[in-house]
Amino acid sequence: MARVALVTGGTRGIGEAICVGLKAAGFTVAANYVGSDDRAKAFTERTGIKAWKWNVADHQATLDNVAAIEAELGPVDVVVNNAGITRDGTLLKMTFEAWKEVIDVNLGGCFNLAKATFPGMRQRGWGRIVNIGSINGQAGQYGQVNYAAAKSGIHGFTKALAQEGAKFGVTVNAIAPGYIDTDMVAAVPPDVLEKIVAKIPVGRLGNAGEIARAVVFLCSEDAGFITGSTMSVNGGQHMY
Ligand code: CAA
């Protein structure tokens, strides 16, 4: 039977590309979303992948929805923590709400999904967790103390949980995307984005498929010896 993979923030952008990539690799895929129902419906029509609506920052809602997905599709063996938001602004302008929301969704979501799925993976002796970090969690970014802290936290979370999963066949890795051609990056002011792209050695933004293919590899049998790693997919913008 096909393994079940759950992708948070899965109905658009990088998340949609990951869902499509995992489905093509033979997984039964469940997508999570929190925003527009119409967009999620269109995603399901496009891809044949069902989507469940809840906020990954909500601990109980995560436990309840993962239980519902498992009742319908079977045990979740793969989780891709992709759901992420930005609330950019310099520290002087950043509100406490903008700080907390980003930490709760981007980092809290990883904890909530792991609490819902890691015990089962450990018990069954196989699992894959891939957390979507960011170049801005590795290098920092002006105007993003909330986002950089959350993404940097994801990289630490990954290395710690990898140690707990290793002897039970559960690998935990992170991808650190650079600037990818998505709605999130399109929201960066054009003059700021132009300067950022000028610093990417490959000379362009990345595309969602380039992240998805890296995720699919980390979820495969072939990647069983890779755990606790961070794969940078950033066109050479930050080498580390
Ligand atoms: N380094 C140093 N100084 C900088 C700077 C930088 N990178 N960027 C701006 N500044 C300076 C400006 O020169 C300006 O200085 P003066 O006042 O002396 O002229 C001052 O900071 C204010 O700059 P802004 O006018 O840009 O300030 P703002 O408040 O209007 O906007 C901002 C600030 C919202 C952070 C805006 O600069 C911005 O959106 N930056 C982009 C942030 C970014 O890259 N976000 C990534 C989103 S995509 C993503 O996060 C996905 C991923 O994982 C990669």
Side-chain angles (χ1 to χ4, degrees), residues 7-19 21 32-35 56-57 79-110 113 129-159 173-215 218 229-240:
V7 181
T8 68
T11 61
R12 65 195 183 114
I14 292 174
E16 175 168 357
I18 293 169
C19 283
N32 146 272
Y33 74 103
V34 77
V56 295
V79 168
V80 182
N81 282 307
N82 166 73
I85 58 170
T86 52
R87 297 286 182 268
D88 292 354
T90 56
L91 183 77
L92 292 185
K93 291 183 191 165
M94 189 177 289
T95 60
F96 177 69
E97 288 69 32
W99 162 262
K100 188 162 161 41
E101 216 182 331
V102 169
I103 299 290
D104 287 353
V105 172
N106 297 14
L107 183 55
C110 292
L113 266 296
I129 297 179
V130 180
N131 301 316
I132 305 300
S134 169
I135 186 174
N136 294 349
Q138 296 170 312
Q141 170 63 35
Y142 190 97
Q144 282 200 312
V145 293
N146 50 3
Y147 187 88
K151 292 295 188 179
S152 188
I154 285 176
H155 295 140
F157 177 94
T158 299
K159 292 176 206 175
N173 292 288
I175 302 278
Y179 281 72
I180 308 301
D181 191 6
T182 59
D183 292 348
M184 185 184 273
V185 167
V188 174
D191 55 320
V192 176
L193 189 57
E194 204 178 304
K195 286 185 199 140
I196 291 171
V197 175
K199 287 188 190 146
I200 303 174
V202 166
R204 61 169 174 87
L205 296 175
N207 63 63
E210 288 170 319
I211 303 302
R213 287 190 287 281
V215 172
L218 289 174
S229 77
T230 298
M231 190 190 289
S232 298
V233 184
N234 63 28
Q237 190 182 346
H238 181 66
M239 301 181 186
Y240 128 120

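This is a predicted model, so every value here is computed, not measured. Indexing begins at 1, ligand by ligand and atom by atom, following the structure's order. Residues take their numbers from the sequence shown, with the count starting at 1.
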Only counting residues at least two apart or in another chain, list the ones meeting side-chain hydrogen bond (donor to acceptor under 3.5 Å, both in side chains) with N32. none

Any donor-acceptor pair under 3.5 Å from N173 side chain to T230 backbone: no

side-chain hydrogen bond (donor to acceptor under 3.5 Å, both in side chains) contacts in which one or both residues fall within residues 131-140, not counting sequence neighbours: N81-N131, N131-T158, N136-Q144, N136-Y179, Q138-S232

Dump all N/O pairs between ligand 1 and the protein below 3.5 Å as a table: atom names plus distance, one pair per row.
unit_1, atom_1, unit_2, atom_2, d
ligand 1, 21 (O), Y142, OH, 2.4
ligand 1, 29 (O), K93, NZ, 2.6
ligand 1, 44 (O), Q141, NE2, 3.4
ligand 1, 44 (O), Y179, OH, 2.8
ligand 1, 45 (N), D88, OD2, 2.8
ligand 1, 45 (N), Q144, NE2, 3.4
ligand 1, 50 (O), Q144, NE2, 3.0
ligand 1, 53 (O), S134, OG, 2.7
ligand 1, 53 (O), Y147, OH, 2.6

Can a donor-acceptor pair be found, under 3.5 Å and without considering hydrogens, that links the side chain of N82 to the backbone of I132? no

List the atom of A148, the atom of Q141, and the distance in Å for their closest heavy-atom pair. CB-N, 4.5 Å

Residues in side-chain contact (heavy atoms from CB on, under 4.5 Å) contact with I103, at least two apart in sequence or another chain: W99, A149, A150

